[in-house]
Amino acid sequence: MLPPTPPLPTYDVALVGAGPAGTACALALRGSGLRVALLDKAAFPRDKICGDAIPGAALKALAALDPAYRVALAGLRPQSPARHSRLVAPSGRSLWLHWQKPSFNSPRLDFDAALLGLVRHHTDTVILENTSLLEVTAGPDGVHLRTTQGELRCRLVVGCDGANSVVRRQLLPGPAQPQPCVGVRAYFENVADAPDDTTEFYFSRDYLAGYCWVFPVGNGRYNVGLGLLTELISAHKIDLKVLLREWLATHPALAERFAQARQLGPTRGFGLPLGGGVGAALPVAGTGFLLCGDAAALIDPLQGHGIDTAVESGILAAAQARRCCAAGAFDAAFMQPYTDAVQQQIGAKLLLHHRLMRLFSARPWLVNAAVRVAAVPRLRRWLQGLLG
(Lines give C-alpha, C1' and ligand atoms only; values in the text may rest on other atoms or scores of the structure.)
Protein backbone atom coordinates (compact mmCIF):
# COMPACT_ATOMS: atom_id res chain seq x y z
CA MET A 1 0.00 0.00 0.00
CA LEU A 2 1.37 3.36 -1.03
CA PRO A 3 1.88 5.96 1.71
CA PRO A 4 -0.68 8.78 1.69
CA THR A 5 0.21 11.83 -0.37
CA PRO A 6 1.20 14.68 1.96
CA PRO A 7 -1.11 17.69 1.78
CA LEU A 8 0.03 20.67 -0.26
CA PRO A 9 1.35 23.69 1.64
CA THR A 10 -1.60 26.06 2.02
CA TYR A 11 -1.60 29.80 2.58
CA ASP A 12 -4.16 32.56 2.76
CA VAL A 13 -2.10 34.82 0.48
CA ALA A 14 0.73 33.99 -1.92
CA LEU A 15 2.83 36.93 -3.12
CA VAL A 16 4.68 36.23 -6.37
CA GLY A 17 7.73 38.47 -6.68
CA ALA A 18 9.84 39.85 -3.83
CA GLY A 19 10.57 43.30 -5.26
CA PRO A 20 9.15 46.54 -3.80
CA ALA A 21 5.50 45.58 -4.48
CA GLY A 22 5.71 42.10 -2.98
CA THR A 23 7.73 43.13 0.06
CA ALA A 24 5.50 46.16 0.73
CA CYS A 25 2.45 43.90 0.58
CA ALA A 26 4.07 41.46 3.02
CA LEU A 27 4.95 44.29 5.41
CA ALA A 28 1.40 45.67 5.18
CA LEU A 29 0.01 42.22 6.07
CA ARG A 30 2.08 42.16 9.26
CA GLY A 31 -0.14 41.38 12.24
CA SER A 32 -3.07 40.29 10.06
CA GLY A 33 -2.98 36.72 11.33
CA LEU A 34 -2.98 35.50 7.75
CA ARG A 35 -0.66 32.80 6.45
CA VAL A 36 1.48 34.54 3.84
CA ALA A 37 4.05 33.15 1.41
CA LEU A 38 6.41 35.34 -0.60
CA LEU A 39 8.14 33.59 -3.51
CA ASP A 40 10.70 34.80 -6.01
CA LYS A 41 12.55 33.12 -8.84
CA ALA A 42 15.87 34.56 -7.65
CA ALA A 43 18.04 34.28 -4.57
CA PHE A 44 18.73 37.61 -2.88
CA PRO A 45 20.63 39.81 -3.24
CA ARG A 46 19.93 39.92 -6.96
CA ASP A 47 20.27 42.69 -9.53
CA LYS A 48 17.23 44.43 -11.01
CA ILE A 49 17.82 46.57 -14.08
CA CYS A 50 16.54 50.02 -13.14
CA GLY A 51 17.58 53.64 -12.74
CA ASP A 52 18.08 52.98 -9.00
CA ALA A 53 16.22 56.14 -7.93
CA ILE A 54 14.25 55.51 -4.73
CA PRO A 55 11.41 58.10 -4.70
CA GLY A 56 10.47 59.87 -1.49
CA ALA A 57 6.87 58.74 -1.93
CA ALA A 58 7.96 55.10 -1.55
CA LEU A 59 9.81 55.86 1.68
CA LYS A 60 6.84 57.84 2.99
CA ALA A 61 4.43 54.97 2.28
CA LEU A 62 6.69 52.48 4.05
CA ALA A 63 7.14 54.82 7.02
CA ALA A 64 3.35 55.07 7.33
CA LEU A 65 3.33 51.30 7.97
CA ASP A 66 6.10 51.57 10.57
CA PRO A 67 8.62 54.44 11.03
CA ALA A 68 11.26 51.79 11.77
CA TYR A 69 11.23 50.81 8.10
CA ARG A 70 12.38 54.27 6.99
CA VAL A 71 15.03 54.34 9.73
CA ALA A 72 16.40 51.00 8.60
CA LEU A 73 16.50 52.06 4.95
CA ALA A 74 18.20 55.34 5.86
CA GLY A 75 21.12 53.24 7.06
CA LEU A 76 21.34 51.26 3.82
CA ARG A 77 24.72 51.36 2.10
CA PRO A 78 25.62 52.19 -0.57
CA GLN A 79 23.33 55.12 -1.24
CA SER A 80 23.48 58.74 -2.36
CA PRO A 81 21.02 61.40 -1.22
CA ALA A 82 18.93 62.89 -4.04
CA ARG A 83 18.82 66.54 -2.92
CA HIS A 84 19.03 68.20 -6.32
CA SER A 85 18.12 67.49 -9.94
CA ARG A 86 19.53 69.04 -13.09
CA LEU A 87 17.42 68.94 -16.24
CA VAL A 88 19.26 69.84 -19.45
CA ALA A 89 16.96 70.91 -22.29
CA PRO A 90 17.68 70.31 -26.01
CA SER A 91 18.88 73.93 -26.12
CA GLY A 92 21.59 73.11 -23.58
CA ARG A 93 20.04 75.31 -20.91
CA SER A 94 19.80 73.78 -17.42
CA LEU A 95 17.01 73.81 -14.88
CA TRP A 96 17.95 73.05 -11.27
CA LEU A 97 15.40 71.63 -8.86
CA HIS A 98 15.94 71.25 -5.11
CA TRP A 99 14.03 68.60 -3.18
CA GLN A 100 12.75 68.74 0.39
CA LYS A 101 11.19 65.26 0.60
CA PRO A 102 13.88 62.71 1.64
CA SER A 103 14.86 60.37 -1.17
CA PHE A 104 18.01 58.65 -2.34
CA ASN A 105 19.58 56.47 -5.01
CA SER A 106 20.79 52.96 -4.25
CA PRO A 107 21.45 49.92 -6.47
CA ARG A 108 18.43 47.66 -6.59
CA LEU A 109 20.79 44.81 -5.76
CA ASP A 110 21.06 46.32 -2.27
CA PHE A 111 17.72 48.11 -1.90
CA ASP A 112 15.54 45.12 -2.74
CA ALA A 113 17.60 42.89 -0.44
CA ALA A 114 17.08 45.43 2.35
CA LEU A 115 13.31 45.37 1.79
CA LEU A 116 13.30 41.58 1.95
CA GLY A 117 15.36 41.84 5.13
CA LEU A 118 12.58 43.96 6.67
CA VAL A 119 10.08 41.23 5.80
CA ARG A 120 12.30 38.58 7.42
CA HIS A 121 12.80 40.64 10.57
CA HIS A 122 9.32 42.04 11.12
CA THR A 123 6.86 39.46 9.80
CA ASP A 124 6.05 35.75 9.87
CA THR A 125 5.99 35.56 6.08
CA VAL A 126 7.27 32.30 4.60
CA ILE A 127 9.95 33.35 2.10
CA LEU A 128 10.63 31.01 -0.82
CA GLU A 129 13.65 32.10 -2.86
CA ASN A 130 14.85 30.29 -6.00
CA THR A 131 11.20 29.43 -6.62
CA SER A 132 9.90 30.18 -10.11
CA LEU A 133 6.18 30.12 -10.79
CA LEU A 134 5.45 27.72 -13.66
CA GLU A 135 1.67 27.57 -13.65
CA VAL A 136 -1.16 29.23 -11.73
CA THR A 137 -4.86 28.41 -11.89
CA ALA A 138 -7.71 30.02 -10.00
CA GLY A 139 -11.06 28.39 -9.33
CA PRO A 140 -13.87 28.09 -6.79
CA ASP A 141 -11.67 25.99 -4.47
CA GLY A 142 -8.88 28.59 -4.43
CA VAL A 143 -5.63 29.15 -6.31
CA HIS A 144 -3.18 26.41 -7.24
CA LEU A 145 0.46 27.27 -7.93
CA ARG A 146 2.98 24.92 -9.51
CA THR A 147 6.57 26.05 -8.96
CA THR A 148 10.07 24.77 -9.54
CA GLN A 149 10.15 23.79 -5.85
CA GLY A 150 6.80 22.01 -5.75
CA GLU A 151 3.12 22.90 -5.50
CA LEU A 152 1.15 25.03 -3.08
CA ARG A 153 -2.35 26.38 -2.64
CA CYS A 154 -3.66 29.72 -1.48
CA ARG A 155 -6.91 31.62 -1.22
CA LEU A 156 -5.55 34.70 -3.01
CA VAL A 157 -2.49 35.25 -5.21
CA VAL A 158 -0.94 38.69 -5.66
CA GLY A 159 1.11 39.10 -8.84
CA CYS A 160 4.11 41.32 -8.09
CA ASP A 161 6.29 39.57 -10.66
CA GLY A 162 7.17 42.43 -12.97
CA ALA A 163 6.61 43.44 -16.54
CA ASN A 164 6.49 39.83 -17.78
CA SER A 165 4.23 38.69 -14.96
CA VAL A 166 3.36 34.99 -15.06
CA VAL A 167 0.30 35.69 -12.90
CA ARG A 168 -0.98 38.24 -15.42
CA ARG A 169 -0.26 36.13 -18.48
CA GLN A 170 -1.94 33.02 -17.11
CA LEU A 171 -4.92 34.54 -15.28
CA LEU A 172 -5.59 37.30 -17.83
CA PRO A 173 -5.12 35.50 -21.16
CA GLY A 174 -5.05 37.74 -24.18
CA PRO A 175 -2.60 40.10 -25.90
CA ALA A 176 0.78 40.53 -24.25
CA GLN A 177 1.15 43.50 -21.94
CA PRO A 178 2.55 46.41 -23.96
CA GLN A 179 6.11 47.63 -23.33
CA PRO A 180 5.79 51.21 -24.61
CA CYS A 181 9.25 52.21 -23.37
CA VAL A 182 12.64 50.50 -23.34
CA GLY A 183 15.74 51.50 -21.44
CA VAL A 184 19.38 50.51 -21.08
CA ARG A 185 21.55 50.92 -18.02
CA ALA A 186 25.23 50.64 -17.12
CA TYR A 187 27.36 51.47 -14.08
CA PHE A 188 30.35 53.81 -14.29
CA GLU A 189 33.03 55.21 -12.03
CA ASN A 190 35.44 58.14 -12.41
CA VAL A 191 32.73 60.42 -13.84
CA ALA A 192 34.01 63.99 -13.65
CA ASP A 193 32.10 66.88 -12.12
CA ALA A 194 29.27 64.65 -10.84
CA PRO A 195 28.11 65.63 -7.32
CA ASP A 196 26.93 62.66 -5.27
CA ASP A 197 23.69 64.40 -4.29
CA THR A 198 22.49 65.41 -7.77
CA THR A 199 20.49 63.43 -10.34
CA GLU A 200 20.87 64.56 -13.95
CA PHE A 201 18.54 64.29 -16.94
CA TYR A 202 19.50 65.11 -20.54
CA PHE A 203 17.04 65.69 -23.38
CA SER A 204 17.87 65.65 -27.09
CA ARG A 205 16.15 67.41 -29.97
CA ASP A 206 16.46 64.27 -32.10
CA TYR A 207 15.14 61.84 -29.47
CA LEU A 208 12.93 63.92 -27.21
CA ALA A 209 10.59 61.03 -26.37
CA GLY A 210 12.98 59.88 -23.68
CA TYR A 211 16.11 61.02 -21.89
CA CYS A 212 19.57 60.09 -20.71
CA TRP A 213 20.22 59.99 -16.97
CA VAL A 214 23.23 60.09 -14.65
CA PHE A 215 22.40 59.02 -11.08
CA PRO A 216 25.00 58.66 -8.30
CA VAL A 217 24.39 55.48 -6.30
CA GLY A 218 27.15 55.68 -3.68
CA ASN A 219 30.77 54.56 -3.39
CA GLY A 220 31.74 56.69 -6.39
CA ARG A 221 29.53 54.74 -8.77
CA TYR A 222 26.93 56.09 -11.20
CA ASN A 223 23.89 54.51 -12.80
CA VAL A 224 23.90 55.85 -16.36
CA GLY A 225 21.15 55.03 -18.81
CA LEU A 226 18.91 55.98 -21.67
CA GLY A 227 15.21 55.34 -22.19
CA LEU A 228 13.09 55.90 -25.31
CA LEU A 229 9.57 55.12 -26.46
CA THR A 230 9.35 51.80 -28.28
CA GLU A 231 7.58 53.41 -31.23
CA LEU A 232 10.57 55.72 -31.76
CA ILE A 233 13.05 52.85 -31.49
CA SER A 234 11.11 50.85 -34.08
CA ALA A 235 10.59 53.75 -36.49
CA HIS A 236 14.28 54.72 -36.55
CA LYS A 237 15.78 51.25 -35.93
CA ILE A 238 17.70 52.52 -32.92
CA ASP A 239 20.16 50.39 -30.99
CA LEU A 240 19.91 51.89 -27.51
CA LYS A 241 23.27 50.54 -26.36
CA VAL A 242 24.99 52.17 -29.32
CA LEU A 243 23.04 55.39 -28.86
CA LEU A 244 24.01 55.61 -25.18
CA ARG A 245 27.69 55.29 -26.08
CA GLU A 246 27.28 58.02 -28.70
CA TRP A 247 25.59 60.38 -26.24
CA LEU A 248 28.31 59.91 -23.63
CA ALA A 249 31.01 60.49 -26.28
CA THR A 250 29.47 63.47 -28.09
CA HIS A 251 26.91 65.30 -25.94
CA PRO A 252 28.32 68.76 -25.13
CA ALA A 253 27.53 68.41 -21.42
CA LEU A 254 28.70 64.79 -21.09
CA ALA A 255 31.62 64.04 -23.42
CA GLU A 256 34.39 65.68 -21.38
CA ARG A 257 33.02 64.33 -18.10
CA PHE A 258 32.98 60.72 -19.40
CA ALA A 259 36.32 60.89 -21.20
CA GLN A 260 38.12 59.16 -18.31
CA ALA A 261 35.13 57.26 -16.92
CA ARG A 262 35.29 53.50 -16.61
CA GLN A 263 32.29 51.25 -17.24
CA LEU A 264 31.66 48.55 -14.65
CA GLY A 265 30.03 45.51 -16.23
CA PRO A 266 27.80 45.27 -19.29
CA THR A 267 25.08 47.59 -20.55
CA ARG A 268 21.77 45.86 -19.92
CA GLY A 269 18.28 46.54 -21.29
CA PHE A 270 14.80 46.44 -19.77
CA GLY A 271 11.20 47.15 -20.72
CA LEU A 272 8.99 49.66 -18.93
CA PRO A 273 5.22 49.03 -18.89
CA LEU A 274 4.18 52.67 -18.58
CA GLY A 275 0.88 53.55 -16.96
CA GLY A 276 -1.67 56.09 -18.04
CA GLY A 277 -1.84 55.08 -21.71
CA VAL A 278 -2.94 51.72 -23.08
CA GLY A 279 -2.03 50.23 -19.71
CA ALA A 280 -4.69 52.36 -18.01
CA ALA A 281 -7.38 50.08 -19.44
CA LEU A 282 -5.73 46.85 -18.33
CA PRO A 283 -7.43 45.00 -15.44
CA VAL A 284 -5.53 44.88 -12.16
CA ALA A 285 -7.67 42.21 -10.45
CA GLY A 286 -9.92 39.23 -11.06
CA THR A 287 -11.22 36.12 -9.38
CA GLY A 288 -8.58 34.99 -6.91
CA PHE A 289 -5.87 37.45 -7.89
CA LEU A 290 -4.55 41.03 -7.70
CA LEU A 291 -1.75 42.68 -9.70
CA CYS A 292 0.72 45.24 -8.37
CA GLY A 293 3.61 47.38 -9.59
CA ASP A 294 5.04 46.63 -13.03
CA ALA A 295 2.68 43.64 -13.39
CA ALA A 296 -0.16 46.19 -13.28
CA ALA A 297 1.62 48.63 -15.67
CA LEU A 298 2.08 51.34 -13.05
CA ILE A 299 5.36 52.97 -14.13
CA ASP A 300 5.18 56.77 -14.26
CA PRO A 301 5.31 57.75 -17.97
CA LEU A 302 6.74 61.21 -17.30
CA GLN A 303 9.54 60.28 -14.91
CA GLY A 304 10.07 56.61 -15.75
CA HIS A 305 10.14 55.33 -12.17
CA GLY A 306 7.88 52.73 -10.60
CA ILE A 307 9.20 51.90 -7.13
CA ASP A 308 6.80 54.32 -5.44
CA THR A 309 3.74 53.04 -7.32
CA ALA A 310 4.86 49.46 -6.68
CA VAL A 311 5.04 50.09 -2.93
CA GLU A 312 1.73 51.97 -2.91
CA SER A 313 -0.09 49.29 -4.91
CA GLY A 314 1.40 46.56 -2.71
CA ILE A 315 -0.03 48.27 0.37
CA LEU A 316 -3.42 48.66 -1.32
CA ALA A 317 -3.33 44.96 -2.26
CA ALA A 318 -2.69 44.04 1.38
CA ALA A 319 -5.79 45.96 2.43
CA GLN A 320 -7.84 44.11 -0.19
CA ALA A 321 -6.37 40.77 0.90
CA ARG A 322 -7.51 41.44 4.46
CA ARG A 323 -11.02 42.24 3.19
CA CYS A 324 -11.16 39.11 1.04
CA CYS A 325 -9.97 36.76 3.76
CA ALA A 326 -12.24 38.30 6.41
CA ALA A 327 -15.30 37.92 4.16
CA GLY A 328 -14.24 34.65 2.52
CA ALA A 329 -14.95 36.31 -0.83
CA PHE A 330 -12.48 36.11 -3.71
CA ASP A 331 -14.65 36.64 -6.80
CA ALA A 332 -13.90 39.36 -9.34
CA ALA A 333 -16.71 41.62 -8.16
CA PHE A 334 -15.35 41.63 -4.61
CA MET A 335 -12.01 42.94 -5.93
CA GLN A 336 -13.56 46.19 -7.16
CA PRO A 337 -12.43 48.26 -4.15
CA TYR A 338 -8.82 47.47 -5.05
CA THR A 339 -9.34 48.47 -8.68
CA ASP A 340 -10.99 51.71 -7.57
CA ALA A 341 -8.23 52.51 -5.07
CA VAL A 342 -5.47 51.94 -7.63
CA GLN A 343 -7.25 54.20 -10.11
CA GLN A 344 -7.92 56.98 -7.62
CA GLN A 345 -4.58 56.97 -5.80
CA ILE A 346 -2.23 56.03 -8.65
CA GLY A 347 -3.97 55.84 -12.02
CA ALA A 348 -5.26 59.42 -12.16
CA LYS A 349 -1.74 60.81 -11.71
CA LEU A 350 -0.31 58.41 -14.30
CA LEU A 351 -2.96 59.48 -16.80
CA LEU A 352 -2.02 63.16 -16.32
CA HIS A 353 1.68 62.37 -16.66
CA HIS A 354 1.04 60.30 -19.80
CA ARG A 355 -0.70 63.29 -21.41
CA LEU A 356 2.15 65.60 -20.42
CA MET A 357 4.73 63.14 -21.75
CA ARG A 358 2.93 63.01 -25.09
CA LEU A 359 2.66 66.80 -25.15
CA PHE A 360 6.37 67.38 -24.58
CA SER A 361 7.73 64.40 -26.51
CA ALA A 362 7.03 65.88 -29.95
CA ARG A 363 7.85 69.51 -29.13
CA PRO A 364 11.48 70.30 -28.30
CA TRP A 365 10.66 74.02 -28.33
CA LEU A 366 8.15 73.41 -25.53
CA VAL A 367 10.78 71.71 -23.37
CA ASN A 368 13.17 74.60 -24.05
CA ALA A 369 10.46 77.09 -23.15
CA ALA A 370 9.56 75.25 -19.95
CA VAL A 371 13.17 75.32 -18.78
CA ARG A 372 13.45 79.00 -19.70
CA VAL A 373 10.30 80.17 -17.91
CA ALA A 374 11.13 78.02 -14.88
CA ALA A 375 13.72 80.68 -14.07
CA VAL A 376 10.74 82.48 -12.49
CA PRO A 377 10.62 81.12 -8.88
CA ARG A 378 6.83 80.70 -8.78
CA LEU A 379 6.81 78.76 -12.05
CA ARG A 380 9.74 76.65 -10.93
CA ARG A 381 7.87 75.68 -7.76
CA TRP A 382 4.85 74.69 -9.86
CA LEU A 383 7.01 72.57 -12.17
CA GLN A 384 8.78 70.96 -9.23
CA GLY A 385 5.43 70.05 -7.68
CA LEU A 386 4.33 68.52 -10.98
CA LEU A 387 7.47 66.41 -11.26
CA GLY A 388 8.12 65.52 -7.65
Report task. Would you check if Ile233 and Leu240 make a side-chain contact, meaning some heavy-atom pair closer than 4.5 Å? Result -> yes

Show the atom names and distances, to 0.1 Å, of all donor-acceptor pairs under 3.5 Å that link a side chain in residues 53-71 to residues at least two apart or in another chain.
from: Asp66; atom 1: OD1; to: Ala68; atom 2: N; distance (Å): 2.9
from: Asp66; atom 1: OD2; to: Arg30; atom 2: NH1; distance (Å): 2.8
from: Tyr69; atom 1: OH; to: Arg30; atom 2: NH1; distance (Å): 2.8

Report task. Could you check if a side-chain atom of Asp300 sits within less than 4.5 angstrom of a side-chain atom of Lys349, using non-hydrogen atoms only? Result -> yes

Report task. Check side chain to side chain donor-acceptor pair (under 3.5 Å) between Asp112 and all other residues, then give those that pass, not counting sequence neighbours. Result -> Arg46, Arg108

Query raised in the report: Would a 4.5 Å heavy-atom cut-off, applied to side chains only, mark Asp40 and Leu116 as touching?
Result: no

Report task. Might you work through the side chain to side chain contact (heavy atoms under 4.5 Å, CB included) test for Leu87 and Tyr202, ending with a clear yes or no? Result -> CA-CA 6 Å; Leu87 282 67; Tyr202 294 86; over 6 Å; no

Query raised in the report: Any side-chain heavy atom of Val16 within less than 4.5 Å of one from Val158?
Result: no

Query raised in the report: Listed by chain and number, what are the ring-ring contact (aromatic ring centres under 6.0 Å, His included) partners of His144, not counting sequence neighbours?
Result: none

Report task. Would you please name every residue forming a side chain to side chain donor-acceptor pair (under 3.5 Å) with Gln170, sequence neighbours left out? Result -> none

Report summary line: Interatomic distance, CG@Asp52 vs CG@Asn223, rounded to 0.5 Å, equals 4.5 Å

Query raised in the report: Can you find a heavy atom in the side chain of Leu73 that is under 4.5 Å from one in the side chain of Phe111?
Result: yes

Query raised in the report: Other than Leu109, what residues sit in its cluster of Ile, Leu, Val, Met, Phe, Trp and Tyr side chains whose heavy atoms are under 4.5 Å apart, directly or through others?
Result: none

Requested in this report: Determine whether the side chains of Thr10 and Arg153 contain a donor N or O and an acceptor N or O closer than 3.5 Å.
Outcome: no

Query raised in the report: Can you tell me how far CG of Leu156 sits from CD of Gln320, rounded to the nearest 0.5 angstrom?
Result: 8.0 Å

Report task. Treat each ILVMFWY residue as a node, draw an edge where side-chain heavy atoms are under 4.5 Å apart, and state whether Val217 and Val184 are in one component. Result -> no

Query raised in the report: Does Tyr187 have any ring-ring contact (aromatic ring centres under 6.0 Å, His included) partners at least two apart in sequence or in another chain, and if so, which?
Result: none

Report summary line: Nearest heavy-atom contact between Glu151 and Pro9 is O-CD, 3.3 Å

Report task. Look at Arg169 together with Glu135 and state whether they make a salt bridge at an N to O cut-off of under 4.0 Å. Result -> no

Query raised in the report: Checking ring pair (Phe, Tyr, Trp, His ring centres under 6.0 Å) for the pair Phe188/Tyr222: CA distance, chi angles, key distance, verdict?
Result: CA-CA 5 Å; Phe188 285 82; Tyr222 297 82; 9.1 Å; no

Report summary line: Nearest heavy-atom contact between Leu145 and Cys154 is CD1-SG, 3.6 Å

Query raised in the report: Would you say the side-chain atoms of Thr148 pair up with the backbone N or O of Ser132, donor to acceptor, closer than 3.5 Å?
Result: yes

Requested in this report: Could I get the full list of side chain to side chain donor-acceptor pair (under 3.5 Å) partners for Gln149, not counting sequence neighbours?
Outcome: none

Query - Any donor-acceptor N/O pair, Thr131 side chain to Glu129 backbone, under 3.5 Å - result: yes

Report summary line: Rounding to 0.5 Å, atoms SG (Cys25) and CD1 (Ile315) come to a distance of 9.0 Å

Query raised in the report: Rounded to the nearest 0.5 Å, how far does CH2 of Trp213 lie from CG of Leu226?
Result: 7.0 Å

Query raised in the report: How would you list all residue pairs meeting salt bridge (charged side-chain N to carboxylate O under 4.0 Å, His left out) that involve residues 216-229, not counting sequence neighbours?
Result: none

Requested in this report: Examine Val166 and Leu128 and state if one hydrophobic cluster contains both, with Ile, Leu, Val, Met, Phe, Trp and Tyr joined whenever side-chain heavy atoms are less than 4.5 Å apart.
Outcome: yes

Under 3.5 Å, side-chain donor or acceptor atoms of residues 325-334 against the rest of the protein: list the pairs with distances, not counting sequence neighbours.
from: Asp331; atom 1: OD2; to: Ala333; atom 2: N; distance (Å): 3.2
from: Asp331; atom 1: OD2; to: Phe334; atom 2: N; distance (Å): 3.2

**Report entry** Close side-chain approach of Asp161 and Asp294, heavy atoms under 4.5 Å
**Finding:** no

Query - Residues Asp124, Val36; criterion side chain to side chain contact (heavy atoms under 4.5 Å, CB included); working and verdict - result: CA-CA 8 Å; Asp124 295 324; Val36 181; over 6 Å; no

Requested in this report: Identify whether the distance between the nearest side-chain nitrogen and carboxylate oxygen of Arg155 and Asp141 falls below 4.0 Å.
Outcome: no

Report task. Determine which pairs satisfy salt bridge (charged side-chain N to carboxylate O under 4.0 Å, His left out) with at least one residue from residues 246-257, sequence neighbours left out, and list them in order. Result -> Glu200-Arg257

Report task. Mind running side chain to side chain contact (heavy atoms under 4.5 Å, CB included) on Tyr11 and Leu152 for me, showing each step along the way? Result -> CA-CA 8 Å; Tyr11 301 92; Leu152 59 92; 4.3 Å; yes

Query - Derivation and outcome, side chain to side chain donor-acceptor pair (under 3.5 Å), residues Arg322 and Ser32 - result: CA-CA 7 Å; Arg322 289 174 183 256; Ser32 65; 4.8 Å; no

Requested in this report: Say whether Gln344 and Asp340, considering side chains only, have a donor N or O and an acceptor N or O under 3.5 Å apart.
Outcome: no

Query - Minimal non-hydrogen separation, Val13 against Leu29, with atom names - result: CG1-CD1, 4.3 Å

Query - Residue pairs passing the side chain to side chain donor-acceptor pair (under 3.5 Å) test where at least one lies in residues 306-317, sequence neighbours excluded - result: His305-Asp308

Requested in this report: Report the C-alpha separation of Thr199 and Asn105 in whole Å, then their side-chain angles, then the decisive distance to 0.1 Å, and conclude whether the side chain to side chain contact (heavy atoms under 4.5 Å, CB included) test is met.
Outcome: CA-CA 9 Å; Thr199 57; Asn105 306 322; 3.4 Å; yes

Report task. Return yes if some donor-acceptor pair links the side-chain N/O of His236 with the main-chain N/O of Ile238 below 3.5 Å, else return no. Result -> no

Report task. To the nearest 0.5 angstrom, please state how far the CD atom of Gln263 sits from the CZ atom of Phe258. Result -> 10.0 Å

**Report entry** Test applied, side-chain contact (heavy atoms from CB on, under 4.5 Å); reference residue, Arg83; option that passes from Ser85, Ser80, Pro81
**Finding:** Pro81

Query raised in the report: If you look at every heavy atom in Ser165 and Leu291, which pair is closest and at what distance?
Result: OG-CD2, 4.3 Å

Query - Nearest heavy atoms of Asp110 and Pro78, plus distance in Å - result: OD2-CD, 3.6 Å

Query raised in the report: Does Arg168 reach the main-chain N or O of Ala295 with its side chain, forming a donor-acceptor pair under 3.5 Å?
Result: yes

May I have the list of side-chain donor-acceptor pairs in residues 189-197 shorter than 3.5 Å, sequence neighbours left out?
from: Glu189; atom 1: OE2; to: Arg262; atom 2: NE; distance (Å): 2.9
from: Glu189; atom 1: OE2; to: Arg262; atom 2: NH2; distance (Å): 2.5

Query raised in the report: Taking side chain as C-beta onward, heavy atoms only, is Val284 less than 4.5 Å from Tyr338?
Result: yes

Requested in this report: Over all heavy atoms of both residues, which pair between Met335 and Leu290 is shortest? Give the atoms and the distance, please.
Outcome: SD-CD2, 3.7 Å

**Report entry** Neighbour count above 12 (heavy atom, 6.0 Å) for Asp47 CG
**Finding:** yes

Report summary line: Interatomic distance, CG@Leu38 vs SG@Cys160, rounded to 0.5 Å, equals 8.0 Å

Report task. Measure the acute angle between the ring planes of Trp96 and His98, then classify it against the limits of 30° and 60° as parallel, tilted or perpendicular. Result -> parallel

